[in-house]
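To keep things clear, I will list the structure first and then write my remarks on it.
Note that the structure is a prediction, hence the values are computed from the model and not measured. Just so we're on the same page: letters track the sequence lines, and every chain starts at 1.
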Amino acid sequence: MTVRTRYAPSPTGALHIGNVRSGLFAYLFARHAHGAFILRIDDTDTERSTRESLDEILESLRWLGVEWDEGPPDRKYFQSSRYDRYRESALKLLAEGKAYPCFCSAAELDAMRQQATREHRKPGYDGRCRDRTPPAELPKVELPDKKAGRNYTIRFRAPHEGATVVDDLIKGRAVFENREIDDLIIFRSDGVPTYNFATVLDDFDFGITHVVRGDDHLPNTPRQMQIFYALGLEPPAYAHLPMVMGADGQKLSKRHGATSVFAYRDLGYFPEALLNYLVRLGWSHGDQEIFSRQEMFDYFDFASCGKSAGIFNAEKLLWLNFHYLKERPVPQLAQDVKPFIAQRGWTIPGDDAWLERAVATLRERAKTLAELADFASFYILDEIAIEPKAASKFLKPEIAEALDALAGELDSLGADFSEVAIAAAFERVLGRFAIKLGQLAQPVRVALTGGTVSPGIYEVIAVLGRARTVARLRTALVLCTGAI
RNA sequence: GGUCCCAUCGUCUAGUGGUUAGGACACCGGCCUCUCACGUCGGUAACGCGGGUUCGACUCCCGCUGGGAUCACCA
């Protein structure tokens, strides 16, 4: 039997990283088993589903390189296009007495729950319509349709006897006593099926062999299995992944800051880094930390998945991103950083070769593309802002002469503006004034970059070029003397 | 509150009865050095508690404690 897994996000918001990890694991398992990965869109919540969310989900997945074998744009993989199928099955359940109409209003249900909670009973549905005779004016029970006066919901008649056993591939066996499970609504009064019902039909129709999802779905699983049984179908295998928590130990959500895939993309993270981080959160392969996509495919299995929830650690993700950034070929990196420079409204004052030289000096100092772009500002911008503290510490009168001399030396270098030639110019100035490199390099650094932190000073000068270097040195000269 | 899940350094984890409990991130220190990084060397740091089982438990069983998820006409 070929493995078929699925990822079924609902288009009701951004694709966030805790959620997408479940999709990633489903995808990896399918690839590992040379099976198929299906993307399905759970859009039965017509109130909250939006086109924007759908587009963001699709684009996020593409950016990550999580490729689906079946799914959008094929309408067949949208629940909203499968209502006929859901109706047909609900009708069947109704006819067989395995489901029944429930006439309780939302307000009534709410009151029921509140009272149960007050009396320390479980807040589930008490089954009051389970054996109630439908009103006489209903000739026969059909699916809800408010416009036609059929304002009720359809509930699944869950068995009271026995137990439902989930043999989870990750969690092991979980036994649910059937008497603990109440009758859930499978069709809403607006004629739209609910998730637990639709998902069962989808998983069956699309031939899903392994349902891989977050363990927040574990309590739903016996309900879904019962529906499979009622329909005379065999449930798939289940693999429930532990959750991803925020630093506070709670399920990761929007209030934990940057959590969407887009957020990380826009912050200048690489998809490889995000993927690598996510795959190591809850899964391991010995002590290995860095995984190529192929290695993920090759090694992934449920046996190596952990059972306990993991806390999202932004620092480690940053480290991984740094790793991939350092590994990136410079020409590629230069192309990668361009959109980030453009986004800042800056114009690159040189060709690709120049940008590559600049990037080469910066790449071990930036952990993201956004940082790389920011760091490159002193190369790119015509005017730089000099940090007051740096200026007062290093741009002092006593260094003015040496700075002036250096400007002269560099200005007269001629065609050879190489690091070697620049170093030689420094040596001449150092010798003439009997000072150490450190004494000269820092003032120069402040003059050229505006701060005290930068790549090696010769590199900076070589990339900056003679004109800009000399001009900035002379500007700094004014600060030196003015600082008296 | 009911049900279900979970429990090794701060964090991610290796570990499947006998280990000086290993690695990674972070943190701290040395080296490198024109600054900052990179790199490199080293360091601090964990088996929640209590009972069993066993010659021997981080590993197996039970209880406790703690944490989490879930209990919608959301998915």
Picking from B:rU70, B:rC73, B:rC38, the nucleotide nearest the side-chain atoms of A:Lys251 would be B:rU70
Measure CZ/A:Phe156 against P/B:rC73 and give the value in whole Å, please. 17 Å
Is A:Gly306 touching bases, backbone alone, or none of the nucleic acid, heavy atoms closer than 4.0 Å? nothing
Short side-chain N/O contact from A:Arg365 to OP1 or OP2 of B:rU35, under 4.0 Å: no
Of B:rA24, B:rA37, B:rC73, the nucleotide closest to the side chain of A:Ala106 is B:rC73
Are A:Lys326 and B:rA37 close enough that a side-chain N or O sits under 4.0 Å from OP1 or OP2? no
Who is the Watson-Crick or G-U wobble partner of B:rC9, with both distances under 3.5 Å? none
Quick one: look up who B:rG29 pairs with, Watson-Crick or G-U, both distances under 3.5 Å, and put none if it's unpaired. B:rC41
For B:rA72 and A:Arg113 - does any side-chain N or O of the residue sit under 4.0 Å from the phosphate oxygens OP1/OP2? yes
Taking the side chain of A:Leu281 as heavy atoms from C-beta outward, which of B:rU70, B:rC12, B:rC71 is closest to it? B:rC12
Side-chain contact test, heavy atoms from C-beta onward, threshold under 4.5 Å: evaluate it for A:Arg328 versus A:Glu272 and give yes or no. yes
Which is it for A:Arg188 and A:Thr44 under the side-chain hydrogen bond (donor to acceptor under 3.5 Å, both in side chains) test, yes or no, and what are the steps along the way? CA-CA 10 Å; A:Arg188 313 193 306 202; A:Thr44 54; 5.9 Å; no
What nucleotide among B:rC4, B:rC36, B:rA24 has an atom nearest to a side-chain atom of A:Ala174? B:rC4
Considering only the P atoms, how many Å lie between B:rU35 and B:rU8, rounded to the nearest integer? 43 Å
Would you indicate whether the side-chain heavy atoms of A:Arg128 and A:Glu108 approach each other to under 4.5 Å? yes
Kindly say whether A:Pro455 contributes a backbone atom to a donor-acceptor pair with the side chain of A:Arg445 at under 3.5 angstrom? yes
Please state whether the base of B:rA72 and the side chain of A:Asp110 form at least one donor-acceptor pair under 3.5 Å? no
Could you please name the partner base of B:rC60, counting Watson-Crick and G-U wobble pairs only when both distances are under 3.5 Å? B:rG52
Any base atoms under 4.0 Å from A:Cys305, or only sugar-phosphate, or nothing? Heavy atoms, all strands. nothing
Is A:Glu364 side chain donor-acceptor paired with the B:rG39 base, going by distance under 3.5 Å alone? no
Answer yes or no: does a side-chain N or O of A:Thr194 lie under 4.0 Å from OP1 or OP2 of B:rC73? no
Would you measure the distance from the C1' atom in B:rU44 across to the matching atom in B:rG39 and give it in whole Å? 22 Å
Reckon A:Asp182 touches a base, only the sugar-phosphate, or nothing at all at heavy-atom distances under 4.0 Å? nothing
Gap in Å between the two P atoms, one belonging to B:rG43 and one to B:rC49, rounded: 26 Å
Base, sugar-phosphate alone, or nothing: which one does A:Phe322 contact when heavy atoms must sit under 4.0 Å apart? sugar-phosphate
Taking the minimum atom-to-atom distance to the side chain of A:Gln250, which one of B:rC73, B:rC71, B:rA69 wins? B:rA69
Over all strands shown, is A:Thr44 touching base, sugar-phosphate only, or nothing at heavy-atom distances under 4.0 angstrom? sugar-phosphate
What's the closest nucleotide to the A:Glu289 side chain, out of B:rA24, B:rA75, B:rC5? B:rA24
To the nearest angstrom, how far is A:Tyr238 atom OH from B:rA69 atom P? 22 Å
Taking B:rG2, B:rC73, B:rU35 as options, the one with an atom nearest any side-chain atom of A:Ser189 is B:rC73
Mind checking if A:Arg40 touches a base, just sugar-phosphate, or nothing, with heavy atoms under 4.0 Å? nothing
Could you state the atom-to-atom distance from CG of A:Asp168 to C1' of B:rC6 in whole Å? 13 Å
How long is the line joining CG of A:Leu184 and P of B:rU3, in whole Å? 20 Å
Please confirm whether the backbone N or O of A:Val446 pairs with a side-chain atom of A:Arg472, one donor and one acceptor, at under 3.5 Å? no
Looking only at atom P, what distance separates B:rU19 and B:rU13, rounded to whole Å? 25 Å
If B:rU20 has a Watson-Crick or G-U wobble mate with both distances under 3.5 Å, name it; if not, just say none. none
Candidate nucleotides B:rC34, B:rA24, B:rC74, ranked by approach to the side chain of A:Lys316 - the nearest: B:rA24
Can you tell me if A:His217 is stacked onto the base of B:rA75, using a 5.5 Å centroid cut-off and an angle below 30°? yes
For A:Phe176, report the nucleic acid contact type (base, sugar-phosphate, nothing); a contact means any heavy atom under 4.0 Å. sugar-phosphate
Would you say A:Ser81's side chain and A:Arg75's backbone share a donor-acceptor pair under 3.5 angstrom? yes
Where the side chain of A:Asn321 meets the backbone of A:Phe270, is there a donor-acceptor pair that is under 3.5 Å apart? yes
Atom OH of A:Tyr7 and atom C1' of B:rA75 are separated, to the nearest Å, by 11 Å
List the steps, then state whether salt bridge (Lys or Arg N to Asp or Glu O under 4.0 Å) holds for A:Glu387 with A:Lys393. CA-CA 10 Å; A:Glu387 293 169 23; A:Lys393 184 168 178 191; over 6 Å; no
Checking B:rC71, B:rC74, B:rC25 against the side chain of A:Asn313 (C-beta onward), the nearest is B:rC25
Under the salt bridge (Lys or Arg N to Asp or Glu O under 4.0 Å) criterion, do A:Glu177 and A:Arg179 qualify, and how do the steps go? CA-CA 5 Å; A:Glu177 295 298 330; A:Arg179 77 180 109 83; 3.8 Å; yes
Distance between C1' atoms of B:rG48 and B:rC58 (Å, rounded): 12 Å
Please give, in whole Å, the distance from B:rU35 C1' to A:Leu448 CG? 13 Å
A:Thr199 side-chain N/O to B:rA75 phosphate OP1/OP2 under 4.0 Å: no
The side chain of A:Ser308 is closest to which nucleotide in this list: B:rA7, B:rG2, B:rG23? B:rA7
Hunt down the Watson-Crick or G-U wobble partner of B:rC4, both distances under 3.5 Å, from any strand shown, or write none. B:rG68
Roughly, in whole Å, what's the span from CZ in A:Arg118 to C1' in B:rG2? 17 Å
Taking any heavy-atom pair under 4.0 Å as a contact, classify A:Ser284: base, sugar-phosphate, or nothing. sugar-phosphate
Value in whole Å for how far the P atom of B:rC5 lies from CG of A:Leu169: 16 Å
